[in-house]
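Chain naming here is simple, since letters A, B, ... match the order of the sequence lines and numbering starts at 1 in each.
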Amino acid sequence: MLRLYDTRRRAIHPVRAPGRAVTMYVCGVTPYDTTHLGHARTFLTFDLLARILEATGHPVRYVQNVTDIDESILQRAARDNVGWRELGKREERAYLADMKRLRWRRPDVICHATQELPAMFTLVRALERRGAAYTLPRGVYFPVAAQPRYGELSGLSAAAMKRILVGQDDAKLEDPGRRDPRDFALWRFVDDGPTWPSPWGRGRPGWHLECSSMIRHHLGDQIDIHGGGADLIYPHHENEIAQSETASRKRPFSRTWAHVGAMRLGGKKMSKSDGNMVFVRDALNVTDPRALRLYLLDRHYRKPFDHDEASLDRARLRAAALGDALGRGRSGAVGRAGPAREALSALEDDLNVVRALKIVEWAAPRAEAAERAELRTVARIVGVI
RNA sequence: GGCGUCGUCGCCAAGUGGCAAGGCAAGGGUCUGCAAAACCCUCAUCGCGGGUUCGAUUCCCGCCGACGCCUCCA
């Protein structure tokens, strides 16, 4: 059985879903820019996670969102003088094409914020019934005080959060009448740009609301695995927990929280604001998809990963060598013992790809036909042959 | 301030309570008209100080240091 590190409990626990599919939700992209290696690493990590579960007989129901309405899309659309919907659709297509080239195990559902407004309203109504929403002139807010465990995921104290919020530019944009400076918008009343009618007035949804309501809509009140980049822990995932657990009165909202470490360039996290990104598209110009998968997955997913051209280049040789050693033959069921079993066990041990690949690379040139077939199975789970 | 990752050969990076993977670079060699490629060989007492132990790089405590995140962000 797969064992995974859970950010909330800060320990490794087995992923159990007896008699049903494992439910997994991963925070996706806001499509206004091209897919970079950080996106690819994160999504390939959950691709691998799903493949491991499925290969070991555990069906998976995987949902991922596309934030197709967001201030950043509106800004980019204005800058480039294109319609925000047009921009979003174009960038989403590009992103899906990039991921397809990486042989991404696509989510079973890819949902869009603009298509889920009814689900969002339902969630806000549920929060209202719990007394966990209040309306101010500039928006409907969630009172953080309604959630006694707020801060559990990130480990931040209330004082620490407030200290952080004081220095933020966005804090000035929030409604000054909030009961607590940590309270966040469920729905914003805005006049400019695209807006939607809601029971509270025209406006746009708060971005934390999107994920909570989509999860509830597509997967239910509680899920097995919630994933995303480590940069989303606070405030995004913390706020999701607050909304969802308050609305459903069920906890935990997600049994396991899996966060992928940052992809860095020059010692700094790749990010849109810093512009220090390496795009998947460009990487695929100098290497091939299997090699890029090998490169991105051959570092433990929770660790930060410094992009290194030399390593990327080497990955091509490694993938080619594995291809030569394992050939194109059939996959074989992994037996109870032997290198393929050891490699598969490594994958099940909090996705230890490094150990698994090392075993496969060592065993592949030495293996007989039957064993090679087993090794192919593991190599194909990782997607490197 | 908090959360987190990490300090292992010149560089990247695994790993283990008992001789420290691998890759790149470097040096030597085989081969070659010279070279390239290929192949072979060589190359580390694991940040500092305590503790536990027969024995710690590996476990515990403290320290020093690096970096990231906490702002939209995967």
Side-chain angles (χ1 to χ4, degrees), chain A residues 5 7-8 10 25-47 64-67 70-76 95 98-99 151-174 182 206-208 211 226-238 258-277 280 294-296 298-318 321 346 352-359 361-362:
Chain A
Y5 182 84
T7 304
R8 186 175 59 86
R10 303 182 202 292
Y25 180 89
V26 178
C27 286
V29 297
T30 300
Y32 68 86
D33 216 328
T34 311
T35 321
H36 61 68
L37 295 185
H39 297 122
R41 166 143 109 130
T42 296
F43 301 143
L44 289 180
T45 295
F46 294 101
D47 156 301
Q64 186 164 317
N65 70 311
V66 173
T67 303
D70 183 85
E71 299 306 317
S72 53
I73 292 184
L74 299 177
Q75 286 169 15
R76 180 61 61 92
Y95 144 70
D98 284 343
M99 292 309 296
E152 180 184 47
L153 182 71
S154 62
L156 296 170
S157 66
M161 293 180 200
K162 286 173 185 169
R163 256 199 307 275
I164 291 165
L165 292 167
V166 165
Q168 291 174 357
D169 300 336
D170 264 15
K172 300 177 184 73
L173 303 174
E174 298 289 356
R182 296 172 299 161
W207 76 294
H208 309 300
C211 290
H226 190 131
D231 47 10
L232 297 179
I233 294 172
Y234 182 80
H236 187 50
H237 290 163
E238 197 76 74
H259 290 106
V260 180
M263 197 76 201
R264 304 191 211 162
L265 186 64
K268 291 207 65 170
K269 176 172 166 279
M270 277 189 198
S271 69
K272 293 172 177 175
S273 50
D274 285 346
N276 60 338
M277 301 176 286
V280 167
L294 189 153
Y295 171 69
L296 290 172
D298 191 48
R299 185 71 45 84
H300 190 87
Y301 73 95
R302 283 188 278 119
K303 286 188 181 181
F305 188 152
D306 279 291
H307 176 57
D308 178 56
E309 291 291 341
S311 294
L312 175 60
D313 201 48
R314 210 174 307 134
R316 194 177 63 237
L317 301 176
R318 290 179 62 193
N352 194 333
V353 182
V354 175
R355 184 148 51 94
L357 280 181
K358 184 157 55 171
I359 292 167
E361 286 182 300
W362 183 87

Q.
One character per nucleotide, please: for nucleotides 18-27 of chain B, 5' to 3', B when the base has a protein heavy atom closer than 4.0 Å, S when only the sugar-phosphate does, - otherwise.
A. ---B-S----
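Glu238(A) places its CD atom 12 Å from the C1' atom of G2(B), with the value rounded to the nearest Å. In this structure, the CG atom of Leu357(A) is 16 Å from the C1' atom of G15(B), given to the nearest Å. Separating the OH atom of Tyr234(A) from the C1' atom of A74(B) is a distance of 19 Å, rounded to the nearest angstrom. Summarising the geometry, the separation between CD on Glu71(A) and P on C72(B) is reported as 12 Å, rounded to the nearest angstrom. At whole-Å resolution of the value, CG in Leu156(A) and C1' in U71(B) are 14 Å apart. Met263(A) has its CE atom 23 Å from the P atom of G4(B), to the nearest Å. Between the CG atom of Asp47(A) and the C1' atom of A74(B) there is a distance of 14 Å, given to the nearest Å. In this entry the distance linking CG of Leu294(A) with P of C12(B) reads 20 Å, nearest Å.
No donor-acceptor pair under 3.5 Å is formed between the side chain of Arg8(A) and the backbone N or O of Ser154(A). Side chain of Arg76(A) to main chain of Pro31(A): no donor-acceptor pair is present (N/O by atom type, distance under 3.5 Å, no hydrogens or angles). Judged by distance alone, with hydrogens and angles left aside, the side-chain atoms of Asn352(A) form no donor-acceptor pair with the main-chain N or O of His300(A) at under 3.5 Å.
For the C1' atoms, the distance from G33(B) to A26(B) is 27 Å, rounded to whole Å. Of the P atoms belonging to G18(B) and A25(B), the separation is 32 Å, rounded to the nearest Å. If you take atom C1' in G47(B) and the same atom in U53(B), they sit 23 Å apart, rounded to whole Å. Comparing the same atom, C1', in C59(B) and in G2(B) gives a spacing of 27 Å after rounding to whole Å. Nucleotides G22(B) and G15(B) are separated by 11 Å at their C1' atoms, to the nearest Å. Comparing C60(B) with G23(B), their P atoms sit 31 Å apart, to the nearest whole Å. Between C43(B) and G29(B), the two C1' atoms lie 15 Å apart (nearest whole Å). The C1' atoms of U16(B) and C46(B) are separated by 11 Å, rounded to the nearest whole Å.
Taking Lys303(A) as the reference, nothing meets the salt bridge (charged side-chain N to carboxylate O under 4.0 Å, His left out) condition, with sequence neighbours excluded. With sequence neighbours excluded, the residues that form a side-chain hydrogen bond (donor to acceptor under 3.5 Å, both in side chains) with Tyr95(A) are Gln64(A).
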Interface polar pairs with nucleotides 36-41 of chain B, N/O, under 3.5 angstrom:
none

Which atom pairs link the protein and nucleotides 65-68 of chain B when you take only N or O atoms and keep those under 3.5 Å?
residue : atom : partner   : partner atom : Å
C67(B)  : O3'  : Gly267(A) : O            : 3.4
C67(B)  : O2'  : Arg264(A) : NH1          : 2.6

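Ranking C72(B), C12(B), A74(B) by closeness to the Phe43(A) side chain, first place goes to A74(B). Set against A14(B), A74(B), C3(B), the side chain of Arg299(A) has A14(B) as its closest nucleotide. Ranking U5(B), U71(B), G4(B) by closeness to the Lys303(A) side chain, first place goes to U5(B). Comparing A74(B), C72(B), C3(B) against the side chain of Trp207(A) picks out C72(B) as the nearest. In this structure, of A74(B), C72(B), G2(B), it is A74(B) that holds the atom nearest to the side chain of Leu232(A). Listed candidates were A74(B), C3(B), G15(B). Nearest to the side chain of Asn352(A) is G15(B).
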Determine all donor-acceptor pairs shorter than 3.5 Å in which one atom belongs to a side chain in residues 304-312 of chain A; sequence neighbours excluded.
residue   : atom : partner   : partner atom : Å
Asp306(A) : OD1  : Gly267(A) : N            : 3.4
His307(A) : ND1  : Tyr295(A) : OH           : 2.8
His307(A) : NE2  : Glu309(A) : OE2          : 3.1
Asp308(A) : OD2  : Ser311(A) : N            : 3.0
Asp308(A) : OD2  : Ser311(A) : OG           : 2.7

Q) Going through the checks in order, is the side-chain contact (heavy atoms from CB on, under 4.5 Å) test met by Tyr301(A) and Val353(A)? A) CA-CA 9 Å; Tyr301(A) 73 95; Val353(A) 182; over 6 Å; no
(Q) Before you tell me yes or no, could you show the steps for Gln75(A) and Tyr32(A) under side-chain contact (heavy atoms from CB on, under 4.5 Å), namely the whole-Å CA-CA distance, both residues' side-chain angles and the distance that decides it to 0.1 Å? (A) CA-CA 9 Å; Gln75(A) 286 169 15; Tyr32(A) 68 86; over 6 Å; no
**Q.** CA sep, side-chain torsions, deciding dist, call: Val260(A), Arg41(A), side-chain contact (heavy atoms from CB on, under 4.5 Å)
**A.** CA-CA 8 Å; Val260(A) 180; Arg41(A) 166 143 109 130; 3.8 Å; yes
Q. Do Leu156(A) and Tyr234(A) pass the side-chain contact (heavy atoms from CB on, under 4.5 Å) test, and can you show the C-alpha distance, the side-chain angles, and the key distance before you say yes or no?
A. CA-CA 9 Å; Leu156(A) 296 170; Tyr234(A) 182 80; 3.6 Å; yes
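Nucleic acid contact for Gly228(A): sugar-phosphate only, since backbone atoms but no base atoms lie under 4.0 Å from a heavy atom of the residue. Here Gly227(A) lies out of heavy-atom contact (under 4.0 Å) with every strand. Looking at heavy-atom distances under 4.0 Å, Gly155(A) makes contact with sugar-phosphate atoms alone, never a base. When heavy atoms are screened at a 4.0 angstrom cut-off, Ser154(A) is found touching the sugar-phosphate backbone but no base atom. His259(A) comes within contact range of no nucleotide atom at all, as no heavy-atom separation falls under 4.0 Å.
Taking a pair to require two hydrogen-bonding distances under 3.5 Å in either a Watson-Crick or a G-U wobble arrangement, C9(B) remains unpaired. With both pairing distances under 3.5 Å, G68(B) is matched to C3(B) as a Watson-Crick or G-U wobble pair. With a 3.5 Å ceiling on both atom-pair distances, the Watson-Crick or G-U wobble partner of C54(B) is G18(B). C63(B) is paired with G47(B) under the criterion used here, namely a Watson-Crick or G-U wobble arrangement in which both key atom distances are under 3.5 Å. The pairing partner recorded for A38(B) is U30(B), the criterion being a Watson-Crick or G-U wobble arrangement whose two distances lie under 3.5 angstrom.
Residues Asn65(A) and Cys211(A) come closest through the heavy atom pair ND2-SG, 3.9 Å. Here the shortest heavy-atom pairing between Phe43(A) and Gly28(A) reads CZ-CA, 3.9 Å. For His226(A) against Cys27(A), the heavy-atom pair with the smallest separation is NE2-SG, 3.7 Å.
For the pair Ser311(A) and Arg10(A), both in contact range of RNA chain B, the more 5′-proximal nearest nucleotide belongs to Arg10(A). Taking the nucleotide of RNA chain B with the nearest heavy atom to each of Val260(A) and Ile233(A), the more 5' of the two is matched to Ile233(A).
Atom CZ of Arg314(A) sits about 10.0 Å away from atom CG of Asp298(A), to the nearest 0.5 Å. Expressed to the nearest 0.5 Å, how far CG of Leu232(A) lies from CG of Leu153(A) amounts to 10.5 Å.
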